[in-house]
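This report concerns only the one structure given below.
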Amino acid sequence: MTISTELANTIVDPRAYADGDRVDQAFAWLRQNAPLEQAQPEGFDPFWVVTRHADILEVERQNELFHNGDRSTVLTTIEADQKVRAMMGGSPHLVRSLVQMDNPDHLAYRRLTQGWFMPQNLRKLEDRIREIATGFLDRMAAQGGSCDFARDVAFLYPLHVIMEVIGVPETDEPRMLKLTQELFGSADPELNRTGTETYDAQTGVDTIQSVVMDFMMYFNAMTEDRRKTPREDLATVIANGEVHGQPLGHLEAMSYYIIAATAGHDTTSSTTAAALWAMAENPEQFEKVKADRSLIPGLIEESIRWATPVKHFMRTATDDAELAGKKIAKGDWLFLSYPSGNRDETVFEDPFKFRVDRTPNKHVAFGYGAHVCLGQHLARMEMRILWEEFFKRVASVEMAGEPKRMAASFVCGPKSVPIRFTLN
Ligand code: HEM
């Protein structure tokens with residue numbers, strides 16, 4: 001059985017993710033009727049759609065059998081893939097971050113910053129992050145009872161944290177936010193560089209490439225600076241680090257900065273904005289946390305599951321394999337649907353309900369295995385501090401207009417969450 005073209009087109013359509021329901025319904029149908037099948041949307045090579053929680057874990061657990069680097073790690077059309085390979089000397093990737101690597105490079109490059117992102121190291125940032133969170137919430141409070149929580153708080157707070165961590169000055173934050181939104185929002189006319197919804201593969205690749213080049217120019221200058229004058233920041237670690245006894249390759253170093261400067265805030269912002277949207281629509285969940293702050297970790301896990309800002313990653317089989325009774329051939333491409341795994345009815349009771357006291361909550365929003373999100377502890381810490389301070393100040397929230405989601409099939413979340421609020 002192959003997935004119908006209509007359904008295949010839906011799960012790759014950025015607009016279906018902006019809609020929310022359309023993509024949820026498509027995956028719910030697939031989990032029930034075709035949990036692991038091949039799809040071939042128009043213009044794409046065929047790929048396996050992995051919809052179940054258990055199968056996603058199974059693929060991610062076997063990182064030698066299912067590689068990241070052999071084909072594009074992000075869903076891409078045949079035409080766009082050809083353009084990238086022509087530009088990159090045969091490689092299917094415009095960047096080479098941890099996400100595009102396999103062993104031995106993956107392990108070596110990950111070791112470079114792994115310690116930095118561990119909870120014991122992050123603890124020293126607690127007070128500074130609280131100061132940053134408090135600043136944004138004080139500004140929100142001063143807005144007189146209404147704001148766009150996505151634009152005024154959720155986009156800006158994790159951005160400020162990660163930019164301080166990397167060592168990017170505050171004056172450059174608007175530029176970093178814009179570049180990130182142009183990259184992840186490349187199919188969204190309100191966010192991308194061209195202002196159009198549909199474009200041919202050449203324009204698409206050229207646009208993304210120009211955003212990547214802007215990032216690279218910026219971080220190239222930063223590398224030179226940190227080699228001359230090392231500081232206590234992540235840029236210094238990347239600029240002066242060694243892998244396999246050598247300085248990082250240029251593309252690899254640039255890609256390290258880019259992943260931190262994009263995935264390092266956009267995902268956390270989306271989750272924070274989605275959490276407030278969910279609480280405004282489910283006031284009893286808001287009241288529960290307000291009455292019992294020990295539920296904040298539960299609120300965080302549930303909002304990460306609920307938002308699942310990373311919509312997919314691709315893997316490539318390095319050998320013939322069997323998965324859930326299906327024969328996967330060497331070279332096959334697999335689409336891991338994290339939002340689908342996080343709505344799997346066999347793992348989550350009432351998966352379409354937002355419940356801050358959901359236990360256990362073994363979501364796959366951070367991935368799993370060797371590539372599991374490097375920034376997961378930082379993301380959780382930022383959200384914990386924000387909600388601790390938020391519930392000290394805010395007495396009630398409600399929606400004050402139509403919230404909007406970004407149109408993207410890779411990384412996305414809410415782009416506008418207008419709310420009204422009262423303070424304690
Ligand atoms: C990888 C999600 C925040 C940096 C990933 C992956 C996912 C993910 C799904 C791929 C995992 C896999 O392939 O198994 C999220 C979510 C976040 C978040 C949902 C927030 C709620 C962050 C932050 C950083 C970060 C704050 C900070 C720099 C990375 C890096 C990787 C990664 C470097 C690549 C890891 C590797 O391939 O070894 N993230 N992320 N992420 N994330 Fe995050």
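Just follow the structure's listing: the first ligand is 1, and inside any ligand the first atom is 1. We count residues from 1, following the sequence as given.
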Quick one: nearest non-hydrogen protein atom to atom 8 (C) of ligand 1, plus distance? Cys373 CB, 3.7 Å

Do Arg305 and Glu302 sit within salt-bridge range, that is, some charged N less than 4.0 Å from a carboxylate O? yes

Glu388 vs Arg293, salt bridge (Lys or Arg N to Asp or Glu O under 4.0 Å): CA-CA, chis, key distance, verdict: CA-CA 7 Å; Glu388 282 170 1; Arg293 310 288 162 85; over 6 Å; no

Closer than 4.0 angstrom, basic N to acidic O: yes or no for Arg96 and Asp105? yes

Closest to atom 21 (C) of ligand 1 (heavy atoms only, candidates Val364, Thr271, Asp266) is Thr271

Where on Val310 is there a heavy atom closer than 4.0 Å to ligand 1, on the side chain, on the backbone, on both, or on neither? side chain

Parallel, tilted or perpendicular, as decided by the 30° and 60° cut-offs, for the rings of Trp387 and Phe390: perpendicular

Where does Arg315 meet ligand 1, judged by heavy-atom distances below 4.0 Å: at the side chain, the backbone, both, or neither? side chain

Of the backbone atoms (N, CA, C, O) and the side-chain heavy atoms from C-beta on, which set of Met101 has a member under 4.0 Å from an atom of ligand 1: side chain, backbone, both, or neither? neither

Using a 4.0 Å heavy-atom cut-off, say whether Glu60 meets ligand 1 through its side chain, its backbone, both or neither. side chain

With a heavy-atom distance limit of 4.0 Å, tell me whether Ile259 approaches ligand 1 through its side chain, its backbone, both, or neither. side chain

If the threshold is 4.0 Å, N to carboxylate O, is there a salt bridge linking Lys415 and Asp148? no

Heavy-atom pairs closer than 4.0 Å: do any link ligand 1 to the side chain of His106, the backbone, both, or neither? side chain

Of all protein heavy atoms, the one nearest atom 26 (C) of ligand 1 is Gly264 O, 3.4 Å

Among protein heavy atoms, which sits nearest to atom 10 (C) of ligand 1, and what does the distance come to when rounded to 0.1 Å? Phe313 CE1, 3.4 Å

Are Asp81 and Arg71 ion-paired here, with the side-chain N under 4.0 Å from a carboxylate O? no

Using a 4.0 Å cut-off to any heavy atom of Val99, which atoms of ligand 1 qualify? 34 (C), 37 (O)

Report the nearest protein non-hydrogen atom to atom 18 (C) of ligand 1: residue, atom name, distance rounded to 0.1 Å. Thr267 OG1, 3.2 Å

So which bit of Tyr368 gets within less than 4.0 Å of ligand 1, heavy atoms only: side chain, backbone, both or neither? backbone

For the pair Asp266 (side chain) and Thr262 (backbone), establish whether a donor and an acceptor sit closer than 3.5 Å, ignoring hydrogens and angles. no

Using a 4.0 Å heavy-atom cut-off, which part of Ala307 comes near ligand 1: side chain, backbone, both, or neither? neither

Hey, does the side chain of Ser303 reach the backbone of Ile300 with a donor-acceptor pair shorter than 3.5 angstrom? yes

